[in-house]
Amino acid sequence: MTLLDGKKTSEAIQNEIAAEVAEIRANGGKVPHLAAILVGNDGGSVTYVNNKVLACERIGFGSSLIRYEDTVTEEELLNKIKELNEDEEIDGFIVQLPLPKHIDTEKVIEAVDPRKDVDGFHPTNVGRMVAGLPAYLPATPAGILQLLQRYEIETKGKHCVVIGRSNIVGTPMSILMSKAGYPGDATVTLCHRNTVNLPYFTQQADIIIVAVGKPGLITADMVKEGAVVIDVGTTRVPDASRKSGFRLRGDVDFESVAEKCSYITPVPGGVGPLTIAMLMMNTLKAAKKEVYE
């Protein structure tokens, strides 16, 4: 069994980006600038956004953090998005999800200029991804593709079972794995909460990608020998032995499943670190106008 080290892979990607940014700076070019909008004080969101800001500093990007209380009005938030859309200094920006219930998330996503949508959530970028056109890919699926590629895991002709159909991970992952090229060219089955007899599908899978937020969902009896297992789940579960009072647990029962795998991601330290690296990659592409000339 080989551990798919997302932290190490993320560091390698960020080092590559930093080297390119240093070259841009040395040649007098415009340094990429990423902005983030954070609404409220959700612990996970605050940590995630702070990590993005730190990543920007580490690789030489400019960064801006715009914070609002969770009482901010939808109109005020949309006005700020319009301002960022028109700000030539900002190459890309994100609105951290989830948002408070009184704000229409879809309206917010659609308000972002697709050329600055480095999260890859805007319908224009989703449509371009489906059509095989240049697009900003959602960061988590893009990170998984990097893991597969950098560990030279064969995907052509393999049966890939994706569990979870969110617009952020599962659905785009299923599309990308079925696309021509590498990583891709897989035969994909997309499973979800209404799938009957989930083990029937997972037991056939050469590659399992699970993103549902249900700790320990995938057990050893559901996985065939030699499978590649990629666990996107990160759920906080109580743990009195930890200072924080909790620990992160994935959707895979790691201890039992790892013994049967050829490759597996840990939680934490697997897919998570790559999400930020791919956000940085999208921001660099935005600054270089690689997707929208």
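Atom CD of Glu75 sits in a sparse spot, with 12 or fewer heavy atoms from other residues, nucleotides or ligands closer than 6.0 Å. Atom NZ of Lys107 sits in a sparse spot, with 12 or fewer heavy atoms from other residues, nucleotides or ligands closer than 6.0 Å. Within 6.0 Å of the CG atom in Asp221, the count of heavy atoms belonging to other residues, nucleotides or ligands exceeds 12. Within a 6.0 Å sphere centred on CD of Glu152, other residues, nucleotides and ligands contribute 12 heavy atoms or fewer.
Checked options Asp206, Ile207, Val228; the residue passing with Thr155 is Ile207 (criterion: side chain to side chain contact (heavy atoms under 4.5 Å, CB included)). Between Asp91 and the choices Lys288, Lys30, Arg115, the salt bridge (charged side-chain N to carboxylate O under 4.0 Å, His left out) rule is met once, by Lys30.
Every pair passing side-chain hydrogen bond (donor to acceptor under 3.5 Å, both in side chains) that includes a residue from residues 42-55 is listed here, sequence neighbours excluded: Asp42-Ser45, Lys52-Gln96.
One finds the CE atom of Met281 at 10.0 Å from the CD atom of Gln14 (value rounded to the nearest 0.5 Å). Rounding to the nearest 0.5 Å gives a distance of 9.0 Å between CD of Gln203 and CD1 of Ile208. The OG atom of Ser64 lies 2.5 Å from the NE2 atom of His33; values are rounded to the nearest 0.5 Å. Atom CG in Leu84 sits 11.0 Å away from atom CG in Asn79 (nearest 0.5 Å). Here the CD1 atom belonging to Ile94 is positioned 11.5 Å from the CD1 atom belonging to Ile109, to the nearest 0.5 angstrom.
At least one donor-acceptor pair under 3.5 Å links the side chain of Lys116 to the backbone N or O of Ile90. Without hydrogens or angle criteria, Asn282 side chain to Leu137 main chain gives a donor-acceptor distance under 3.5 Å. Panel note: side chain Lys214, backbone Thr235; no donor-acceptor pair is recorded below 3.5 Å. Judged by distance alone, with hydrogens and angles left aside, the side-chain atoms of Asn125 form no donor-acceptor pair with the main-chain N or O of Phe121 at under 3.5 Å.
When all heavy atoms of Gly40 and Arg67 are compared, the pair lying nearest together is O-NH2, 3.5 Å. Of all heavy-atom pairs spanning Met1 and Ile264, the tightest one is SD-CG2, 3.5 Å.
Counting heavy atoms from C-beta outward, Leu4 and Ile153 have side chains that approach closer than 4.5 Å.
Hydrophobic clustering, with ILVMFWY side chains joined whenever heavy atoms are under 4.5 angstrom apart, keeps Val49 apart from Leu97.
Using the six-membered ring where Trp is involved, Tyr136 and Tyr292 have ring planes that are tilted, between 30° and 60° apart.
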- Worked check of salt bridge (Lys or Arg N to Asp or Glu O under 4.0 Å) between Asp239 and Arg242: CA-CA 6 Å; Asp239 186 343; Arg242 303 286 179 95; 3.6 Å; yes
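A salt bridge is absent between Lys80 and Glu76; no separation between the charged side-chain nitrogens and carboxylate oxygens falls under 4.0 Å.
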